[in-house]
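These notes are about the structure you will find just below.
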Amino acid sequence: NTVTHHHHHSQVSLSHVFSPAPFYVSNYTKHCFNWLSNKLLHEHFHFSCQFISAVLTNSPADPRLNPGMPLSSSGTNSYQQGCIRVTLEDSELWKSFHTIGTEMIITKHGRRMFPQCSISLSGLQPLANYVVMVDIVPADNVKYKLAVRHSSKEQWEVAGKSEPQPPCRTYIHPDSPAVGSHWMKQSLSFLKMKLTNNTLDQHGHIILHSMHRYYPRFHVIQADSPHTVCWGSFQTFSFPETVFTAVTAYQNPKVAIKRHVFPMHCLALHYSFYFGLST
DNA sequence: TCTACTATCACATTTGAAGCGA
DNA sequence: ATCGCTTCAAATGTGATAGTAG
(Lines give C-alpha, C1' and ligand atoms only; values in the text may rest on other atoms or scores of the structure.)
Protein backbone atom coordinates (compact mmCIF):
# COMPACT_ATOMS: atom_id res chain seq x y z
CA ASN A 1 0.00 0.00 0.00
CA THR A 2 2.86 2.32 0.75
CA VAL A 3 4.34 1.70 -2.64
CA THR A 4 1.03 2.18 -4.38
CA HIS A 5 0.29 5.34 -2.46
CA HIS A 6 3.60 6.82 -3.38
CA HIS A 7 3.16 5.60 -6.92
CA HIS A 8 0.08 7.69 -7.47
CA HIS A 9 1.67 10.82 -6.09
CA SER A 10 4.93 10.70 -7.95
CA GLN A 11 4.10 12.87 -10.92
CA VAL A 12 5.98 15.93 -9.72
CA SER A 13 9.15 14.17 -8.67
CA LEU A 14 9.15 12.07 -11.83
CA SER A 15 9.31 15.18 -13.94
CA HIS A 16 12.88 15.61 -12.74
CA VAL A 17 14.02 12.42 -14.38
CA PHE A 18 12.20 12.86 -17.68
CA SER A 19 15.14 14.50 -19.38
CA PRO A 20 17.47 11.88 -20.83
CA ALA A 21 20.53 11.74 -18.63
CA PRO A 22 23.50 9.37 -18.76
CA PHE A 23 22.30 7.37 -15.76
CA TYR A 24 24.55 4.64 -14.56
CA VAL A 25 22.35 1.69 -13.67
CA SER A 26 24.00 -0.84 -11.41
CA ASN A 27 23.07 -4.49 -11.21
CA TYR A 28 21.42 -3.75 -7.92
CA THR A 29 19.18 -1.20 -9.57
CA LYS A 30 18.34 -3.81 -12.13
CA HIS A 31 17.15 -6.08 -9.34
CA CYS A 32 14.94 -3.28 -8.23
CA PHE A 33 13.76 -2.74 -11.74
CA ASN A 34 12.87 -6.38 -12.23
CA TRP A 35 11.05 -6.64 -8.96
CA LEU A 36 9.10 -3.47 -9.49
CA SER A 37 8.21 -4.20 -13.04
CA ASN A 38 6.78 -7.55 -11.98
CA LYS A 39 4.86 -6.13 -9.05
CA LEU A 40 3.68 -2.91 -10.59
CA LEU A 41 3.53 -3.48 -14.30
CA HIS A 42 -0.24 -3.30 -14.36
CA GLU A 43 -0.42 -0.20 -12.19
CA HIS A 44 2.41 1.40 -14.08
CA PHE A 45 0.58 0.95 -17.33
CA HIS A 46 -2.59 2.55 -16.06
CA PHE A 47 -0.73 5.33 -14.32
CA SER A 48 1.24 5.95 -17.48
CA CYS A 49 -1.99 6.09 -19.44
CA GLN A 50 -3.37 8.66 -17.01
CA PHE A 51 -0.26 10.71 -17.41
CA ILE A 52 -0.46 10.63 -21.19
CA SER A 53 -4.12 11.57 -20.96
CA ALA A 54 -3.22 14.56 -18.86
CA VAL A 55 -0.59 15.69 -21.34
CA LEU A 56 -2.84 15.28 -24.33
CA THR A 57 -5.83 16.89 -22.67
CA ASN A 58 -3.83 20.06 -22.24
CA SER A 59 -3.90 20.39 -26.00
CA PRO A 60 -6.90 22.35 -27.23
CA ALA A 61 -9.51 20.04 -28.72
CA ASP A 62 -9.95 20.51 -32.43
CA PRO A 63 -13.12 18.83 -33.70
CA ARG A 64 -12.10 19.51 -37.28
CA LEU A 65 -9.51 16.77 -36.96
CA ASN A 66 -12.26 14.20 -36.60
CA PRO A 67 -15.09 15.44 -38.78
CA GLY A 68 -16.39 12.00 -39.60
CA MET A 69 -17.28 10.79 -36.16
CA PRO A 70 -18.02 13.28 -33.41
CA LEU A 71 -18.03 11.95 -29.88
CA SER A 72 -21.39 11.73 -28.23
CA SER A 73 -21.68 13.97 -25.23
CA SER A 74 -23.14 11.22 -23.06
CA GLY A 75 -19.69 10.22 -21.89
CA THR A 76 -20.58 6.58 -21.41
CA ASN A 77 -17.86 4.12 -22.26
CA SER A 78 -19.88 0.91 -22.21
CA TYR A 79 -22.36 -0.45 -24.64
CA GLN A 80 -25.13 -2.88 -23.90
CA GLN A 81 -26.85 -5.07 -26.42
CA GLY A 82 -29.22 -7.71 -25.19
CA CYS A 83 -27.81 -8.98 -21.92
CA ILE A 84 -24.18 -8.57 -22.86
CA ARG A 85 -22.38 -5.42 -21.83
CA VAL A 86 -18.99 -4.48 -23.23
CA THR A 87 -16.87 -1.77 -21.65
CA LEU A 88 -13.87 -0.19 -23.29
CA GLU A 89 -10.82 -0.15 -21.04
CA ASP A 90 -8.64 2.95 -20.93
CA SER A 91 -11.51 4.96 -22.35
CA GLU A 92 -10.03 8.22 -21.10
CA LEU A 93 -6.79 7.51 -22.92
CA TRP A 94 -8.67 6.80 -26.15
CA LYS A 95 -10.65 10.02 -25.76
CA SER A 96 -7.47 11.99 -25.14
CA PHE A 97 -6.01 10.77 -28.39
CA HIS A 98 -9.33 11.26 -30.11
CA THR A 99 -9.39 14.96 -29.31
CA ILE A 100 -6.14 15.47 -31.23
CA GLY A 101 -6.82 12.85 -33.90
CA THR A 102 -5.77 9.28 -33.20
CA GLU A 103 -3.18 7.82 -35.56
CA MET A 104 -2.17 4.18 -35.81
CA ILE A 105 1.09 3.17 -37.43
CA ILE A 106 0.83 0.41 -39.98
CA THR A 107 3.93 -1.30 -41.38
CA LYS A 108 4.85 -4.00 -43.81
CA HIS A 109 5.54 -6.52 -41.04
CA GLY A 110 2.70 -5.44 -38.78
CA ARG A 111 2.48 -3.01 -35.88
CA ARG A 112 0.64 -3.23 -32.59
CA MET A 113 -1.90 -0.59 -31.68
CA PHE A 114 -1.50 2.12 -29.09
CA PRO A 115 -3.77 2.64 -27.29
CA GLN A 116 -4.40 -1.07 -27.29
CA CYS A 117 -7.80 -2.66 -27.76
CA SER A 118 -8.88 -3.85 -24.34
CA ILE A 119 -12.41 -4.50 -23.13
CA SER A 120 -14.26 -6.02 -20.22
CA LEU A 121 -17.37 -8.14 -20.56
CA SER A 122 -20.39 -8.75 -18.39
CA GLY A 123 -23.76 -10.37 -18.80
CA LEU A 124 -22.47 -13.58 -20.35
CA GLN A 125 -23.85 -16.96 -19.36
CA PRO A 126 -21.18 -18.29 -17.00
CA LEU A 127 -21.13 -21.83 -18.36
CA ALA A 128 -21.62 -21.18 -22.07
CA ASN A 129 -18.67 -21.04 -24.45
CA TYR A 130 -17.87 -17.83 -26.28
CA VAL A 131 -15.47 -16.71 -28.97
CA VAL A 132 -14.34 -13.09 -28.83
CA MET A 133 -12.82 -11.40 -31.85
CA VAL A 134 -11.93 -8.01 -33.30
CA ASP A 135 -12.06 -6.68 -36.80
CA ILE A 136 -11.39 -3.21 -38.11
CA VAL A 137 -13.77 -1.56 -40.54
CA PRO A 138 -13.78 1.71 -42.48
CA ALA A 139 -15.19 4.70 -40.63
CA ASP A 140 -16.12 6.44 -43.91
CA ASN A 141 -15.73 5.99 -47.64
CA VAL A 142 -13.05 8.57 -48.37
CA LYS A 143 -9.29 8.77 -48.18
CA TYR A 144 -7.32 11.60 -46.64
CA LYS A 145 -4.19 13.54 -47.31
CA LEU A 146 -2.13 15.92 -45.27
CA ALA A 147 -2.94 19.54 -45.87
CA VAL A 148 -0.03 21.63 -47.06
CA ARG A 149 1.39 22.75 -43.77
CA HIS A 150 2.04 26.42 -44.40
CA SER A 151 -1.23 27.11 -46.21
CA SER A 152 -3.75 25.77 -43.72
CA LYS A 153 -4.12 25.05 -40.05
CA GLU A 154 -6.12 21.93 -40.73
CA GLN A 155 -4.02 18.84 -40.73
CA TRP A 156 -6.18 16.42 -42.70
CA GLU A 157 -8.34 16.97 -45.73
CA VAL A 158 -10.41 14.64 -47.84
CA ALA A 159 -8.57 13.39 -50.93
CA GLY A 160 -11.22 11.51 -52.85
CA LYS A 161 -13.00 8.21 -52.64
CA SER A 162 -11.50 5.40 -50.58
CA GLU A 163 -9.44 2.63 -52.14
CA PRO A 164 -11.18 -0.72 -52.51
CA GLN A 165 -10.91 -2.48 -49.19
CA PRO A 166 -9.00 -5.80 -49.09
CA PRO A 167 -10.78 -8.76 -47.49
CA CYS A 168 -11.58 -8.07 -43.86
CA ARG A 169 -9.54 -10.13 -41.44
CA THR A 170 -10.39 -10.81 -37.83
CA TYR A 171 -8.18 -11.23 -34.82
CA ILE A 172 -9.51 -13.91 -32.50
CA HIS A 173 -8.69 -13.47 -28.84
CA PRO A 174 -6.19 -16.23 -27.97
CA ASP A 175 -8.31 -17.43 -25.03
CA SER A 176 -11.12 -18.38 -27.41
CA PRO A 177 -13.13 -20.41 -26.92
CA ALA A 178 -13.72 -20.01 -23.20
CA VAL A 179 -16.67 -20.05 -20.86
CA GLY A 180 -18.47 -16.87 -19.87
CA SER A 181 -17.11 -16.89 -16.34
CA HIS A 182 -13.58 -16.87 -17.71
CA TRP A 183 -14.23 -13.86 -19.92
CA MET A 184 -15.89 -11.93 -17.12
CA LYS A 185 -13.13 -12.66 -14.60
CA GLN A 186 -10.84 -9.95 -15.93
CA SER A 187 -10.48 -7.60 -18.85
CA LEU A 188 -9.43 -8.94 -22.25
CA SER A 189 -6.52 -7.45 -24.12
CA PHE A 190 -5.93 -7.65 -27.84
CA LEU A 191 -2.38 -6.46 -27.30
CA LYS A 192 -0.81 -8.74 -29.88
CA MET A 193 -3.08 -7.83 -32.74
CA LYS A 194 -1.06 -6.23 -35.54
CA LEU A 195 -1.92 -3.86 -38.35
CA THR A 196 -0.24 -3.97 -41.75
CA ASN A 197 -0.42 -2.16 -45.06
CA ASN A 198 0.91 -5.21 -46.89
CA THR A 199 -1.97 -6.52 -48.98
CA LEU A 200 -0.01 -9.76 -49.57
CA ASP A 201 0.52 -10.34 -45.85
CA GLN A 202 0.89 -14.04 -44.98
CA HIS A 203 0.87 -13.71 -41.20
CA GLY A 204 -2.83 -13.11 -40.72
CA HIS A 205 -2.40 -9.51 -39.64
CA ILE A 206 -5.18 -7.04 -40.22
CA ILE A 207 -4.73 -5.28 -43.56
CA LEU A 208 -5.56 -1.57 -43.75
CA HIS A 209 -4.94 1.24 -46.17
CA SER A 210 -2.80 4.13 -45.12
CA MET A 211 -4.51 7.51 -44.97
CA HIS A 212 -7.91 5.93 -44.38
CA ARG A 213 -10.04 6.02 -41.25
CA TYR A 214 -11.14 2.93 -39.36
CA TYR A 215 -12.53 1.79 -36.07
CA PRO A 216 -12.33 -1.57 -34.31
CA ARG A 217 -15.38 -3.74 -33.75
CA PHE A 218 -15.61 -6.30 -30.98
CA HIS A 219 -17.61 -9.44 -31.62
CA VAL A 220 -18.89 -11.73 -28.90
CA ILE A 221 -20.14 -15.04 -30.27
CA GLN A 222 -21.63 -17.90 -28.35
CA ALA A 223 -19.88 -20.88 -29.92
CA ASP A 224 -17.80 -23.88 -28.92
CA SER A 225 -15.06 -23.14 -31.45
CA PRO A 226 -14.18 -20.46 -33.99
CA HIS A 227 -15.21 -22.93 -36.70
CA THR A 228 -18.73 -23.55 -35.47
CA VAL A 229 -19.85 -19.96 -35.23
CA CYS A 230 -23.60 -19.60 -35.33
CA TRP A 231 -24.49 -16.35 -37.01
CA GLY A 232 -27.57 -15.84 -34.92
CA SER A 233 -25.56 -15.51 -31.72
CA PHE A 234 -23.32 -12.76 -33.11
CA GLN A 235 -23.15 -9.53 -31.11
CA THR A 236 -21.03 -6.59 -32.17
CA PHE A 237 -19.83 -3.58 -30.19
CA SER A 238 -17.87 -0.48 -31.09
CA PHE A 239 -16.86 2.81 -29.50
CA PRO A 240 -16.70 6.17 -31.26
CA GLU A 241 -13.55 7.28 -29.45
CA THR A 242 -11.58 4.43 -31.02
CA VAL A 243 -11.70 5.88 -34.54
CA PHE A 244 -8.22 6.34 -35.95
CA THR A 245 -6.37 7.28 -39.10
CA ALA A 246 -3.98 4.62 -40.41
CA VAL A 247 -0.57 6.11 -41.23
CA THR A 248 2.85 4.78 -42.15
CA ALA A 249 4.55 7.43 -40.02
CA TYR A 250 3.17 9.65 -37.30
CA GLN A 251 1.91 12.94 -38.70
CA ASN A 252 1.02 14.63 -35.45
CA PRO A 253 4.07 14.48 -33.16
CA LYS A 254 1.80 14.60 -30.11
CA VAL A 255 0.48 11.11 -30.71
CA ALA A 256 3.98 9.65 -30.60
CA ILE A 257 4.61 10.37 -26.93
CA LYS A 258 3.74 6.89 -25.68
CA ARG A 259 6.69 5.46 -23.81
CA HIS A 260 8.93 8.42 -24.21
CA VAL A 261 6.91 10.32 -21.67
CA PHE A 262 7.31 7.70 -19.01
CA PRO A 263 9.85 5.00 -19.76
CA MET A 264 10.25 2.07 -17.43
CA HIS A 265 13.75 2.90 -16.26
CA CYS A 266 12.47 6.20 -14.90
CA LEU A 267 10.10 4.21 -12.74
CA ALA A 268 12.87 1.92 -11.56
CA LEU A 269 15.21 4.80 -10.78
CA HIS A 270 12.48 6.66 -9.00
CA TYR A 271 11.76 3.72 -6.74
CA SER A 272 15.40 3.02 -6.16
CA PHE A 273 15.64 6.55 -4.77
CA TYR A 274 12.48 6.01 -2.79
CA PHE A 275 13.88 2.90 -1.13
CA GLY A 276 17.26 4.47 -0.58
CA LEU A 277 19.08 2.10 -2.86
CA SER A 278 22.29 3.21 -4.47
CA THR A 279 22.48 3.52 -8.21
C1' DT B 1 9.85 19.78 -55.09
C1' DC B 2 6.54 17.33 -52.44
C1' DT B 3 4.24 13.51 -50.13
C1' DA B 4 3.92 8.91 -48.73
C1' DC B 5 6.41 5.08 -47.86
C1' DT B 6 10.49 2.06 -46.39
C1' DA B 7 14.84 0.37 -44.37
C1' DT B 8 17.71 0.89 -40.80
C1' DC B 9 19.34 2.21 -36.28
C1' DA B 10 19.75 2.39 -31.27
C1' DC B 11 17.80 0.90 -27.46
C1' DA B 12 13.70 -0.32 -24.53
C1' DT B 13 11.16 -4.17 -23.18
C1' DT B 14 9.69 -8.98 -23.09
C1' DT B 15 10.44 -13.74 -23.02
C1' DG B 16 12.38 -17.95 -21.94
C1' DA B 17 15.70 -20.98 -20.35
C1' DA B 18 19.29 -22.14 -17.10
C1' DG B 19 21.21 -21.82 -12.53
C1' DC B 20 20.92 -21.86 -7.60
C1' DG B 21 19.72 -22.63 -2.86
C1' DA B 22 16.17 -23.67 0.67
C1' DA C 1 11.42 -32.99 -6.61
C1' DT C 2 9.57 -28.48 -6.14
C1' DC C 3 9.46 -23.75 -5.44
C1' DG C 4 10.89 -18.97 -5.65
C1' DC C 5 14.09 -16.23 -7.24
C1' DT C 6 18.08 -14.42 -9.99
C1' DT C 7 20.79 -14.14 -14.12
C1' DC C 8 21.64 -13.94 -18.72
C1' DA C 9 20.87 -13.67 -23.49
C1' DA C 10 17.99 -13.82 -27.41
C1' DA C 11 13.93 -12.18 -29.43
C1' DT C 12 10.76 -8.73 -30.17
C1' DG C 13 8.84 -4.01 -30.38
C1' DT C 14 9.55 1.02 -30.75
C1' DG C 15 10.11 6.01 -32.75
C1' DA C 16 13.43 8.72 -35.08
C1' DT C 17 16.04 9.30 -38.91
C1' DA C 18 17.54 9.32 -43.45
C1' DG C 19 16.77 7.71 -47.75
C1' DT C 20 13.65 6.23 -51.84
C1' DA C 21 9.85 6.26 -55.30
C1' DG C 22 6.79 8.41 -58.04
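In the text below, chain A, chain B and the rest are named by the order of the sequence lines, each starting its count at 1. The figures here come from the full heavy-atom set of this structure, side chains too, leaving out hydrogens, waters and symmetry mates.
In this structure, the CD1 atom of I106(A) is 12 Å from the C1' atom of dT6(B), given to the nearest Å. One can place CG of L146(A) at 8 Å from P of dT3(B), the figure rounded to the nearest angstrom. L191(A) places its CG atom 13 Å from the C1' atom of dT14(C), with the value rounded to the nearest Å. Rounding to whole angstrom units, NE2 of residue H205(A) and C1' of dT12(C) are separated by 12 Å. To the nearest angstrom, C1' of dG13(C) lies 16 Å from CE of M193(A). Rounded to an integer number of Å, the gap from CE of M104(A) to C1' of dG13(C) is 16 Å. Look at CG on D201(A): it is 13 Å from P on dT6(B), rounded to the nearest Å. Taking atom CE of residue M211(A) and atom C1' of nucleotide dC2(B), one finds them 13 Å apart after rounding to whole Å.
Residue contacts shown for T107(A) are absent, as no nucleic acid heavy atom lies under 4.0 Å away.
For T248(A), whose side chain is taken as the heavy atoms from C-beta onward, the closest listed nucleotide among dG15(C), dG13(C), dT6(B) is dT6(B). Here the nucleotide nearest the side chain of R112(A), chosen from dA4(B), dT15(B), dT14(C), is dT14(C).
Contact annotation: K108(A) side-chain N/O to dA7(B) OP1/OP2 distance is under 4.0 Å. Contact annotation: Y250(A) side-chain N/O to dA16(C) OP1/OP2 distance is not under 4.0 Å. Taking only side-chain nitrogens and oxygens, K194(A) comes nearer than 4.0 Å to OP1 or OP2 of dG13(C). Proximity of N197(A) to the phosphate of dT6(B): a side-chain N or O atom is located under 4.0 Å from OP1 or OP2.
Side-chain contact of Q165(A) with Y214(A): a donor-acceptor pair under 3.5 Å is present, judged by distance alone.
Along DNA chain B, the nucleotide nearest to K192(A) and the one nearest to H109(A) differ in position, and the one closer to the 5' end is contacted by H109(A).
Under the side chain to side chain donor-acceptor pair (under 3.5 Å) rule, D201(A) has a single partner from K108(A), K194(A), R169(A), which is R169(A).
In terms of modelled atom types and a separation under 3.5 Å, the side chain of Q235(A) and the main chain of I84(A) share no donor-acceptor contact.
By the 4.5 Å heavy-atom criterion applied to side chains, W183(A) and S176(A) are counted as neighbours.
With rounding to the nearest 0.5 angstrom, the CG atom of L88(A) is 5.5 Å from the CD atom of E241(A).
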